[in-house]
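Below, chain A is the first sequence line, B the second, and so on; all start at residue 1. The structure displayed is predicted, hence computed values, not measured ones.
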Amino acid sequence: MSALVKSSAKKRCKIHISRLISNFHTNIQIVQQLQNTNNLNSLVSNHTIVLKSGFSNDTFISNHLINSYIRLHKTEDAHRVFDEMSDRNVVTWTALMSGYINIRQPKSALKLFEQMPRSIIFPNPFTFATAINACSYLSDIGTGRKTHSHIVVSGFHSNLVVCTSLINMYGKSNYVDDSRRVFDSMENKNVVSWTSMISVYAQNARGEEALLLFREYINSKSYEPNQFLLSSVINACASLAKLVTGKVTHSAVIRHGYDTNEVVASSLIDMYAKCGLFDYSLKIFRRIPNPGLIPYTSVIVGAAKYGLGRFSLDLFEEMLEKGIRPNDVTFLGVLHACSHSGLIDTGLQYLNSMYETHGIIPDSKHYICAVDMLGRTGRLDEACQLAKFVPPEVKDIEILWGSLLSSSRTYGRLDIAVEAGERLIEMNQHLATAYVTMSNTSASVGNWENAYRLRSEMNKSGINKEPGSSWVELRDKVYVFYAGNVKSCARGDEVVNLLKELEVRMKERGYVRGRKGLVFVDVEDEVEEMVLGLHSEKLALGFGLLSIPEGAAIRVIKNLRMCLDCHEFFKAISKIVERDIIVRDVNRFHHFIDGSCTCNDFW
DNA sequence: CTTACGGGCG
């Protein structure tokens with residue numbers, strides 16, 4: 001009797017185990033199949049198998065199902081699985097959140113994050129990293145800070161990935177020092193966290209600090225930098241136009257074999273173009289086996305900025321022929337190319353084709369470029385027409401009207417100047433500029449009464465124009481210039497004399513002064529314009545030893561490049577500081593391009 | 001068990 005019971009128990013047990021084993025087996029199989037699905041058809045059939053085999057109540061399997069949909073960017077379908085689940089765990093919620101981030105809907109991710117605690121499911125470090133990531137995409141510093149305190153309260157503030165996501169979040173909202181605070185608080189760091197901090201500096205125009213931190217990394221860590229880190233460092237070099245440092249980093253890229261990586265190559269293309277060596281940019285570009293959108297866009301933008309407008313357009317057409325689809329940035333390069341080569345109608349055609357044939361909606365930057373292009377060549381009626389066409393709620397619209405105001409002044413179009421000025425005043429933007437320019441325009445057409453009225457209106461309302469300033473950094477000394485007062489700078493006279501000399505040479509080559517032309521005649525406003533032009537980021541001239549702000553290059557070089565080549569310009573500028581320049585053996589660095597140089601003791 | 005962080009051009 002007892003033996004019978006024992007035997008039947010044994011039998012039941014055996015059946016039970018074998019069923020378990022077979023269940024376990026299919027379970028593993030289903031998970032493996034789900035993990036390997038890379039197309040929707042097989043996923044749908046696997047989904048059917050899950051439903052038929054009764055595994056749809058299994059949280060673990062359903063989570064895998066959600067992940068499979070997310071990998072295929074079918075977040076809606078993932079959400080449907082989510083809705084049908086009876087037992088969701090923290091992984092279910094986190095996976096769906098990251099699914100929404102994948103399809104560029106960070107707001108939906110944050111919505112889920114908010115709803116989660118109501119189901120008595122609490123976030124883990126994965127969830128927090130995902131939520132912070134959503135805040136980064138949205139530049140939502142408010143939610144970001146709130147979530148940060150939530151992280152601290154939950155005790156996850158030492159988690160490496162969570163900290164890294166916080167560094168990025170603060171950086172994307174331009175709170176660079178908060179990023180650094182998180183970075184310094186970390187007990188353990190990896191390449192990703194170092195890369196994040198370095199790129200936060202690079203993306204916030206703090207290239208010097210980026211390079212300083214990179215040096216620290218090289219000195220303190222035994223691991224080699226990877227392609228992510230190197231492209232951030234090259235980006236920092238580009239914004240500072242540190243050609244020598246850039247070349248040394250390029251040699252590191254070659255040594256590690258990242259020179260055909262699209263993003264690394266693109267950052268190099270950009271770096272050389274900003275340093276005035278577009279030949280190198282092109283050489284790097286041509287070495288990429290099958291260049292895609294990113295390298296094409298970089299080289300198109302680089303060529304356009306360098307002044308090779310037609311060549312830039314050739315590259316664009318080449319890209320289209322290869323079937324590579326351009327994006328909004330590519331078109332910005334194309335419009336710049338047209339603008340700087342005087343191909344106005346071609347530019348307008350391209351602007352038109354953006355939506356018509358490529359489905360890309362132009363944003364304010366494209367319109368600003370087009371209005372600028374029309375305005376600088378005196379086609380003010382069209383410029384004004386286009387400006388009116390742009391919806392007034394568009395971001396940065398004031399720049400557009402500011403540009404129109406400035407060009408209508410150059411061409412003495414009081415009617416348009418007044419219209420643009422009034423728009424600016426309505427928008428409460430660039431008030432001083434609007435008043436001053438409107439007043440000057442009235443004066444220039446002899447309407448003194450109006451000129452005087454505008455000036456006094458401006459004074460009455462207490463609007464003051466802050467003097468624009470700019471600086472030239474030469475090795476360890478900074479020279480500051482204030483608008484309308486060149487003498488306030490230690491060697492301001494030398495700068496003005498040099499610019500005058502350059503203007504003479506430009507005229508020799510047939511340059512006709514237009515709007516935003518180099519203006520070094522003795523008119524206060526125009527000196528101001530010139531000095532204001534020397535603003536924003538730095539562009540080094542003369543092998544990384546002499547730098548002037550990038551805005552300078554942009555405005556100054558825009559004109560200069562039409563008649564002087566870059567090297568000539570660099571040489572000319574370097575006259576200002578002849579004594580400060582150390583002549584370097586440039587040829588030594590040419591080897592970097594070919595990878596034969598092993599100069600790695602630079603850091 | 002499954003879920004998380006970094007690079008480019010504007």
Side-chain angles (χ1 to χ4, degrees), chain A residues 24 27-28 31-32 34-35 58-68 70-71 78 88-99 101 109 123-134 136 156 159-169 171-172 182 186 189-200 202-203 225-236 238 253 258 261-271 273-274 281 285 292-305 326-336 363-366 368-369 396:
Chain A
F24 184 66
N27 182 317
I28 290 285
V31 167
Q32 276 177 346
L34 285 173
Q35 279 179 325
D58 187 311
T59 306
F60 178 64
I61 297 213
S62 297
N63 285 348
H64 272 288
L65 205 49
I66 287 180
N67 288 329
S68 301
I70 284 168
R71 263 202 311 278
R88 293 171 213 136
N89 63 12
V90 64
V91 177
T92 322
W93 286 85
T94 309
L96 191 60
M97 280 169 66
S98 72
I101 291 178
N124 68 8
F126 288 76
T127 326
F128 279 121
T130 310
I132 291 292
N133 194 12
S136 301
F156 296 131
N159 179 287
L160 192 144
V161 179
V162 170
C163 285
T164 307
S165 67
L166 285 168
I167 291 171
N168 291 315
M169 186 273 292
K172 288 283 178 332
V182 174
M186 293 170 75
K189 299 182 183 91
N190 63 8
V191 199
V192 182
S193 35
W194 280 87
T195 304
S196 297
M197 193 60 235
I198 289 170
S199 66
V200 163
Q203 288 160 359
N226 62 16
Q227 67 272 43
F228 294 90
L229 186 45
L230 288 172
S231 45
S232 291
V233 172
I234 294 160
N235 178 230
V253 165
Y258 296 129
N261 174 288
E262 284 208 345
V263 179
V264 173
S266 300
S267 62
L268 284 168
I269 290 168
D270 176 58
M271 188 270 293
K274 281 185 177 148
S281 302
F285 175 73
L293 167 71
I294 296 168
Y296 261 109
T297 301
S298 300
V299 76
I300 287 165
V301 170
K305 276 196 180 176
N327 68 7
D328 53 332
V329 185
T330 322
F331 270 104
L332 212 50
V334 167
L335 291 175
H336 263 107
D363 65 31
S364 62
K365 288 187 189 121
H366 302 96
I368 290 165
C369 189
D396 294 331

Inset, instruction - Quick one: list whatever passes side-chain contact (heavy atoms from CB on, under 4.5 Å) with A/I101, sequence neighbours left out. - result: A/A109, A/T130, A/N133, A/A134, A/Y137
Inset, instruction - Return the set of residues passing side chain to side chain donor-acceptor pair (under 3.5 Å) with A/D396 (not counting sequence neighbours), or none when no residue passes. - result: none
Legend entry - Interatomic distance where CD1 belongs to A/I66 and P belongs to B/dT3 [whole Å]: 12 Å
Inset, instruction - Go through the structure and list residues passing side-chain contact (heavy atoms from CB on, under 4.5 Å) with A/N63, not counting sequence neighbours. - result: A/T59, A/M85, A/N89, A/V91, A/T92
Legend entry - Set of residues satisfying ring pair (Phe, Tyr, Trp, His ring centres under 6.0 Å) with respect to A/W194, sequence neighbours excluded: A/F183, A/Y217
Legend entry - Letter per nucleotide, 5' to 3', of nucleotides 5-10 of chain B [B base touched, S only sugar-phosphate touched, - untouched; heavy atoms, 4.0 Å]: BBBBBB
Inset, instruction - Taking side-chain contact (heavy atoms from CB on, under 4.5 Å) as the test, write out the residues that go with A/I294, two or more places apart. - result: A/E262, A/V263, A/S266
Inset, instruction - Whole angstrom is fine here: how far is it from CG in A/N63 over to C1' in B/dA4? - result: 15 Å
Legend entry - Interatomic distance, A/W93 CH2 vs B/dA4 C1' [rounded to whole Å]: 18 Å
